[in-house]
Structures are given as C-alpha cells and as structure tokens.
Amino acid sequence: MSFGQELQSKLNNIEDQLNSNGELSEKDLEILLLTALIEEEGEL
Amino acid sequence: MKSQKMLIIQLLRLGDLIQTLKAARQLKAENPSLSISILARARFAKPLAFLLETVFDEVIYLETKDFIRESVEQTREELHNFINSIKEKDYSVTVNLSFNKSSGYLNHLIGTQWNTGVSRDNKNKITIQDKWSRFVYSTVMRGNQNPFNLVDLFRYILGCKHNYLLENLNSERKSSKIVIHPFASDKKKHWGASRWAEVIYKLSKQYPEAHFHIVGGNADRELGNQILNSPSLTNSKDNISLEINKDIAHVYEILTKSMLFIGHDSMVSHLASETLTPSVILSLGPVRYQETTPYQNNVVNLVPKTKCFPCTVQTDCSLFSCHAHIPHQVVSAVASQLIQSQKIDSKELQKVVTPFHLSTVNIYQSEIFDENIEYHNLLNEHQDATQVFQHYYKILWHLYFNDVDIEITYPTITNEVAKELAHHLEGTQYLFEVYNFGTKYANQAIQNLRAGNDNHSALTDNINKLNDVSELTKVTASNYPLLQSIIDLIHVNTNSGDNTELKTILEEQLVGYHDGVHLLTALHSLIKKTITPHHMTHSSEVKEI
C-alpha cells in the first residue's frame with residue numbers, strides 16, 4: 001500500500017468514527033494533524 | 001517563584017511571523033520575566049531567525065518533510081515524538097495565532113493547562129476559549145468589517161495593554177537608498193511593470209542621487225527585469241539594483257539605511273516597519289488596508305475607491321480596475337513628500353496633484369495610540385457606509401472586549417450614506433427582536449432542564465426555537481449586510497465553547513444572545529446619532545430588555 005493509500009484508509013476510519021459519534025484518539029488527531037500539515041505545505 | 005512560559009503557535013507565512021513578532025515584543029515589554037517561545041514553520045522562521053531571536057526565548061522549527069517516513073504509522077510516530085518534545089518544555093499557556101487547521105490540532109495535542117486561539121478537540125470540533133480569538137475567527141476571516149490591524153488583534157489576544165514603539169536607532173537614514181518591492185503573491189495585489197517604471201522615473205528625475213533597490217523573490221525575476229528594462233529607465237539603470245532572492249537579513253540591512261520604502265502588502269512592507277523606514281503602501285485587490293498596514297507611525301497607505309475593492313482571494317478578475325485607481329502621479333508625489341518631511345501635507349499634495357488623479361484614491365496615514373493604530377484619511381472626505389460601520393465596530397469591540405471607552409466621534413456622511421445607515425437602523429431593530437427571542441428560549445430551556453424529565457417536550461420545543469433563531473440571524477445578515485460582524489460574532493460565541501453538557505451549552509447561548517442585545521442597543525444609538533442631522537426617519541426605538 002502506498003503512503004497516500006495508507007493515509008486515505010486511516011482518514012476513512014477516522015470519518016467513520018466521527019460519523020458514529022465516537023471520540024477520536026490522540027493517534028487519530030495526529031493523523032489529522034499530519035494531513036493538515038501536508039495539505040497546507042502546498043497552499044502556503 | 002517559577003517563571004511563566006508561553007508558547008505562541010504561528011504556522012503561517014513571513015508577514016504573519018513579523019506581525020506576531022511585533023505583538024510578542026509588546027507583551028515582553030510589559031512582562032519582562034515571561035519566557036515566550038514560538039513554534040513556526042522552518043521555511044519561514046529560519047530566514048527570520050535574526051529578528052525572531054531578538055524577542056523569543058526559543059524558536060521551535062516545524063519542518064513537515066522531516067517527519068515523513070516510509071509508512072504513515074512511522075510518520076505519525078515522528079510527529080508524536082515532536083509534540084512530546086514540546087510538551088516536555090512544560091509551557092503553562094499556548095497561544096495559537098494562526099487560525100488554520102494544523103495549528104488547531106497542535107494546540108489541542110500540546111495540551112497546556114491554558115490555551116487560547118483555535119483548538120480542534122477529540123470530536124474534531126473547533127473550540128475557541130478567548131473572546132478576541134473568537135472575534136478574529138468570526139469576523140476577520142470573513143469580510144471587510146474588521147476595523148483592527150492584525151498586530152493589534154494579536155496584541156489583544158496576548159493581553160497587551162500598552163503600545164511600546166521601536167526606537168529609531170538609525171543614524172544612517174540620510175543615505176539616498178529607496179527600496180521598492182513591486183511584487184506580491186497574487187496578480188490582483190500588484191501593479192504591472194509600466195506603472196512602477198513611471199514612479200521610479202519620476203523619483204529619479206526629482207532625486208538624481210537616489211539609488212533604487214528593487215527587492216523580490218525568485219518568482220519575481222521576470223517582472224523585475226521588465227521594470228529594469230523599461231524604455232523610460234534607460235538612462236537611470238546605473239541607479240537601479242535588482243536584488244532578487246537575497247537573504248531577508250540582507251534586505252533588512254538595506255532597509256535600515258534607506259530613506260523610503262514603496263511597495264504592496266507583503267512581508268517586505270512589514271520588514272520595513274521593523275526598520276522604521278518611511279513607507280508608502282499600495283493596497284490592491286483583496287488587501288484590507290486596515291488589517292495589513294505595516295505597524296508604525298506615518299505609514300502612507302494608498303487605497304483605491306474602486307467599488308469592487310477589496311475583492312477576495314477567490315475573485316476572478318482580469319480588469320484590475322483598482323490598479324488604475326491609484327495613479328502613479330499620486331504615488332510619486334506622496335513618496336516625494338515623505339522623503340522631504342516624513343509626513344504628508346494634504347494641502348501641498350493638492351497643489352502638485354490634479355483633483356482628477358486624487359479623485360480615485362483614499363490616502364491614509366497611520367498613527368499609533370495605546371489602544372490601537374489609527375488611520376487618518378488625509379483628504380478628509382465623507383465616509384462610506386462600510387467605513388462608518390468599521391468606525392462603529394471599533395467603538396463597540398473596545399467596549400465589549402476590553403471594557404475600554406474610546407472617544408466617540410460621529411462621522412461626516414452624505415445623504416446617500418445616511419439612507420443606507422437608516423436601512424441598517426431597521427436591521428438593528430429586527431435583529432434586536434431576534435436575539436431577545438434567543439435569550440427567552442435559552443432561558444426557558446434552562447428552566448425546563450432544571451425541572452427534570454417532565455418537561456422533555458417543552459425542552460425540545462425551546463431547543464427547536466433556538467435553532468430557528470440561529471436561522472433567522474442568517475436571513476438578517478443577507479438583508480442587512482453591515483450587521484454581519486455582530487451576527488458572526490454572536491454565532492461563534494453561542495457555538496464555539498468546548499462544552500458537551502446541554503445545560504452549559506444553553507447557558508452559553510443565553511449569555512451570547514444577551515450580549516447581542518446589548519451590542520445592538522449601542523449600535524442603534526450610534527447610527528441614530530449619526531443620521532439625525534440628515535433628518536432620516538427610522539422605524540422605532542430599540543427597547544431595553
């Protein structure tokens with residue numbers, strides 16, 4: 001699995017977790033942080 | 001006693017870093033024993049290290065690519081270790097001044113006892129604890145109604161009370177250098193080559209000894225060469241240096257020895273204010289001068305009167321009307337006056353520039369007070385409705401957030417503007433009623449909760465009505481656009497706490513709507529007094545609750 005596919009898979013799990021009204025773990029938030037950092041690198 | 005340690009998160013660009021530096025310098029001056037660190041992206045903070053280290057006790061560099069490993073899990077682990085290394089520094093407070101996604105997660109994950117600014121919690125919900133950050137999030141990010149400079153907003157978030165100005169230590173200011181930064185990140189924000197060539201031509205004729213330093217980054221090389229190779233500058237080339245992709249420290253050094261800076265809103269304009277270089281700024285496209293004017297006294301900001309100005313970053317534009325509305329004749333004349341006297345004399349300006357050329361531009365000159373930076377309109381013209389509301393909002397926000405009464409002056413307006421204000425006076429009445437319903441239903445819902453399970457349907461009914469109130473405020477904003485700032489702020493105030501308990505959420509709504517009622521009462525009074533000399537009619541008096 002490529003880096004991008006692995007990241008997308010983790011993001012899908014996080015979305016499922018949020019949709020079921022669950023709370024995110026610290027690891028989930030770190031994945032969201034990583035995604036935001038990568039996205040913003042391209043925007044800034 | 002253990003000294004307090006603060007971490008400021010600033011993950012945006014160079015200009016934002018310099019504005020953050022200015023606010024932090026003020027805080028340090030008021031609290032010399034406070035240790036302040038900054039967390040910033042390495043690619044922006046490293047070139048500015050020479051400045052950042054003059055204020056911050058530590059600069060923590062964030063470099064995304066340094067975390068990247070083969071797998072996502074390994075990468076996350078690297079990021080986790082980085083966050084842990086920050087946690088170990090044992091900060092007592094984190095202040096997030098960036099308002100972007102990544103900083104919100106970081107703010108939460110660093111997890112200091114106190115944090116301000118945007119944070120994203122474990123439900124991925126945005127929470128904002130402090131009032132000024134709520135204001136920035138609700139208003140500054142959304143439109144043209146914010147009356148404050150970003151440095152002031154950062155100062156307010158940090159809790160600064162006074163303004164300590166940089167001392168002018170520069171004895172070499174007499175040199176004949178003029179720094180020009182004719183570039184910006186967006187085409188809408190900068191002039192083309194020919195207008196800049198005209199300004200340089202005019203100034204080089206007037207000041208033959210002047211040496212022009214055109215500074216910019218790699219992406220600016222082509223436009224820089226176009227200016228340099230303009231036919232009008234053929235005889236002046238020896239007096240022009242194109243300084244592309246030089247260190248920021250190098251540009252800073254040139255600025256310290258320069259008699260003038262001219263440019264658009266950019267990092268270099270903020271750098272010029274760090275060196276107290278007299279500056280002329282041309283605000284174009286989406287630039288909101290009141291937020292971005294470099295923070296120093298006597299900066300002259302030229303602001304076009306174009307109807308669509310300021311646009312937004314997303315606006316698609318090929319006409320660039322606002323570019324033509326700052327005539328190069330005005331720029332040259334203003335620059336010349338600044339060189340001669342460091343201030344603008346509007347009467348003198350009107351002698352050397354035609355009314356035609358002055359008719360399309362507002363000329364503002366900055367002055368720093370303890371509360372905030374102010375901009376004086378040097379041509380002393382009537383204010384339009386947006387400017388009048390910015391003035392009102394400045395009064396309201398100082399009172400609401402800082403409990404500071406600033407002197408109330410009523411702007412001079414035309415009958416046309418008075419009509420627009422009268423229309424919004426009706427809007428304040430309508431919104432006042434809506435917020436009154438908000439306080440009523442929030443109050444009733446709290447009573448229902450206290451009464452226990454017997455009142456479940458009444459509770460649901462009141463919560464549904466509160467949702468209706470929220471929807472009604474959106475309709476009000478579309479009919480009365482100048483009330484958007486209050487509506488946005490009250491919306492954020494009633495929705496951005498970190499509470500999950502219904503009672504606390506309802507109490508927050510009660511307080512939020514109650515505040516809205518009071519803000520509207522004050523706003524109504526300001527509008528009424530402004531339009532009274534114009535004999536405008538208005539629907540009715542605002543009632544006190």
Side-chain angles (χ1 to χ4, degrees), chain A, chain B residues 9-17 39-45 62-84 86-87 96 98-111 118-126 185 267 313 498 500:
Chain A
M1 198 188 287
S2 72
F3 189 94
Q5 286 168 329
E6 191 187 348
L7 186 58
Q8 192 54 55
S9 159
K10 284 185 185 291
L11 289 173
N12 291 343
N13 290 340
I14 290 171
E15 200 176 336
D16 291 343
Q17 178 82 353
L18 284 170
N19 287 338
S20 59
N21 276 328
E23 291 196 351
L24 301 178
S25 65
E26 188 180 3
K27 285 185 178 179
D28 291 333
L29 286 170
E30 285 166 354
I31 292 294
L32 290 174
L33 167 60
L34 175 65
T35 309
L37 284 172
I38 292 170
E39 281 173 2
E40 288 164 8
E41 281 297 327
E43 291 164 7
L44 288 169
Chain B
I9 303 174
Q10 180 49 274
L11 298 186
L12 297 177
R13 290 191 272 198
L14 291 158
D16 305 275
L17 269 173
L39 170 60
R41 284 179 201 268
R43 68 173 157 133
F44 300 127
L62 183 151
E63 182 64 88
T64 306
K65 66 177 190 302
D66 287 352
F67 303 130
I68 304 293
R69 297 289 180 273
E70 206 168 311
S71 76
V72 171
E73 192 48 36
Q74 290 167 327
T75 305
R76 187 202 59 74
E77 190 65 34
E78 288 297 320
L79 194 53
H80 176 81
N81 294 340
F82 175 73
I83 294 167
N84 270 353
I86 297 173
K87 281 180 173 175
N96 178 11
S98 333
F99 297 88
N100 62 354
K101 248 187 184 179
S102 58
S103 65
Y105 293 121
L106 266 170
N107 198 6
H108 178 84
L109 287 164
I110 291 168
V118 169
S119 182
R120 284 177 180 258
D121 68 11
N122 54 10
K123 285 187 178 291
N124 202 24
K125 181 175 177 272
I126 290 175
S185 53
M267 176 277 293
V313 173
D498 63 351
T500 50

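Letters A, B, ... mirror the listed sequences (proteins, then strands); counts begin at 1. Keep in mind that this is a model prediction, so the values were computed, not measured.
The side-chain heavy atoms of A/L29 and B/H108, taken from C-beta on, include a pair separated by under 4.5 Å. Side-chain contact check for A/L37 versus B/R41: some heavy-atom pair is nearer than 4.5 Å. Looking only at side-chain heavy atoms (C-beta outward), B/K65 and A/E41 stay at 4.5 Å or farther from each other.
Here B/Y105 contributes atom OH and A/L24 contributes atom CG; the two are 8.0 Å apart, rounded to the nearest 0.5 Å. Taken to the nearest 0.5 Å, the CD atom of A/E30 stands 5.5 Å off from the NE2 atom of B/H80. Distance CG/A/L34 to OG/B/S102: 11.0 Å, rounded to 0.5 Å.
With a 4.5 angstrom heavy-atom cutoff, A/L18 touches chain B only via side-chain atoms. In this structure, chain A has heavy atoms under 4.5 Å from both the backbone and the side chain of B/E73.
Not a single donor-acceptor pair under 3.5 Å links the side chain of A/E40 to the backbone N or O of B/N100.
Most heavy-atom pairs under 4.5 Å with chain A: of the set B/I83, B/L62, B/T64, this distinction falls to B/T64. Ranked by heavy-atom pairs under 4.5 Å with chain A, the first of B/L109, B/T75, B/L79, B/N122 is B/N122. Among A/E26, A/M1, A/K27, the residue making the largest number of heavy-atom pairs under 4.5 Å with chain B is A/K27.
When all heavy atoms of B/K101 and A/A36 are compared, the closest pair comes out as CB-CB, 3.9 Å. Of all non-hydrogen atoms in A/F3 and B/V72, the two that sit nearest each other are O-CG2, 3.5 Å.
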Pair B/I68-A/I38, side chain to side chain contact (heavy atoms under 4.5 Å, CB included): steps then yes or no: CA-CA 10 Å; B/I68 304 293; A/I38 292 170; 4.2 Å; yes
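Proximity to chain B among residues 7-14 of chain A is limited to A/L7, A/K10, judged by heavy-atom separations below 4.5 angstrom.
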